[in-house]
Amino acid sequence: MVGLAVSLSELVLPGFVILFFGLGCFGAAVLAAALPDAYAAQVATFIVVTLLSLATLRKMAMRVFVGKSEAAPGEERDQNFVKARVVIDQDLAPGQETQVRYRGSVWRARATEHLTANTEVEIAGFDHADKSCLILKVLKPS
């Protein structure tokens, strides 16, 4: 039951890591059904299954769920994001990360310059090293 709850929480939280803890819970539950008194073995199974699934499946799953860029190098993968506006709820220093809501989804976002809380800012694009992280900048007057 805990494994299912942990796995489903991935739908609410960004980062695509929690699913692997759910797999670890399932592995430990299978062992608990077979050996109910082997607590140390259950904990070890949880740790091993979590780490192995994280190491082997995360990169593949990120390609499937995040996708690959079809744009040429240097271009943004989705021009709909660039120059879109979002509101941040905390002050951000350059390089600091937060979460923003854009088109009904929660995105990780990083500031390129100092941003003030409760202000509308502009999406400048995606982080080149992490395509699931937006880059934010001060909204320039038009």
Side-chain angles (χ1 to χ4, degrees), residues 1-140:
M1 186 60 82
V2 173
L4 182 60
V6 170
S7 296
L8 289 175
S9 70
E10 186 69 62
L11 299 172
V12 180
L13 302 169
F16 205 67
V17 173
I18 296 173
L19 173 70
F20 304 104
F21 288 103
L23 293 174
C25 289
F26 283 125
V30 168
L31 185 63
L35 302 169
D37 295 330
Y39 180 72
Q42 294 168 22
V43 171
T45 300
F46 168 77
I47 292 169
V48 169
V49 171
T50 298
L51 292 176
L52 283 176
S53 64
L54 184 62
T56 58
L57 299 174
R58 185 171 191 270
K59 190 174 248 182
M60 178 187 67
M62 288 293 286
R63 280 195 306 264
V64 170
F65 291 106
V66 174
K68 292 192 291 188
S69 175
E70 297 294 329
E75 283 184 41
E76 295 303 333
R77 68 177 179 173
D78 186 354
Q79 294 298 321
N80 294 328
F81 282 84
V82 178
K83 298 193 184 219
R85 297 174 180 188
V86 294
V87 175
I88 57 170
D89 59 358
Q90 65 184 21
D91 286 346
L92 290 177
Q96 189 177 5
E97 248 185 54
T98 189
Q99 293 180 351
V100 296
R101 219 171 245 294
Y102 178 66
R103 290 187 175 176
S105 295
V106 176
W107 289 81
R108 285 182 22 255
R110 188 172 298 125
T112 58
E113 52 199 323
H114 181 76
L115 302 174
T116 307
N118 301 316
T119 58
E120 194 172 54
V121 296
E122 184 175 271
I123 299 173
F126 293 92
D127 185 325
H128 295 292
D130 182 356
K131 297 292 186 191
S132 65
C133 184
L134 301 173
I135 300 297
L136 303 176
K137 67 179 185 176
V138 172
L139 185 61
K140 303 293 185 217

*asked:* For a quick test of reading the model, state the closest non-hydrogen atom pair linking Val87 to Val100 and the distance between them.
replied: O-CG1, 4.4 Å
*Kindly compute the distance separating CD (Glu122) from OG1 (Thr112), expressed to the nearest 0.5 Å.*
9.5 Å
*Hey, could you give me the CG/OG1 distance between Leu52 and Thr56, rounded to the nearest 0.5 Å?*
6.5 Å
_Give me the atom names and distance for the closest heavy-atom approach of Phe126 to Leu134._
CE2-CD2, 3.5 Å
*Where do Ala93 and Ala111 come nearest, in terms of heavy atoms and distance?*
O-CB, 3.5 Å
*If you round to the nearest 0.5 Å, how far is CD of Glu120 from CD1 of Ile88?*
11.0 Å
*Ignoring hydrogens and geometry, is there a side-chain-to-backbone donor-acceptor pair from Thr116 to Asp91 under 3.5 Å?*
no
*How far apart are the closest heavy atoms of Ser53 and Thr50, and which atoms are they?*
OG-O, 3.1 Å
*asked:* Restricting to non-hydrogen atoms, name the atom on Thr98 and the atom on Leu92 that form the minimum distance, rounded to 0.1 Å.
replied: CG2-CD1, 3.4 Å
*Short question: side chain of Glu113, backbone of Val138 - any donor-acceptor pair under 3.5 Å?*
yes
_How long is the straight-line distance from CZ of Phe26 back to CG of Leu31, given to the nearest 0.5 Å?_
15.5 Å
*Between Glu97 and Gln90, which heavy-atom pair has the shortest distance, and what is it?*
O-NE2, 3.9 Å
*Nearest-0.5 Å distance, CG of residue Leu54 to CZ of residue Phe21*: 7.0 Å
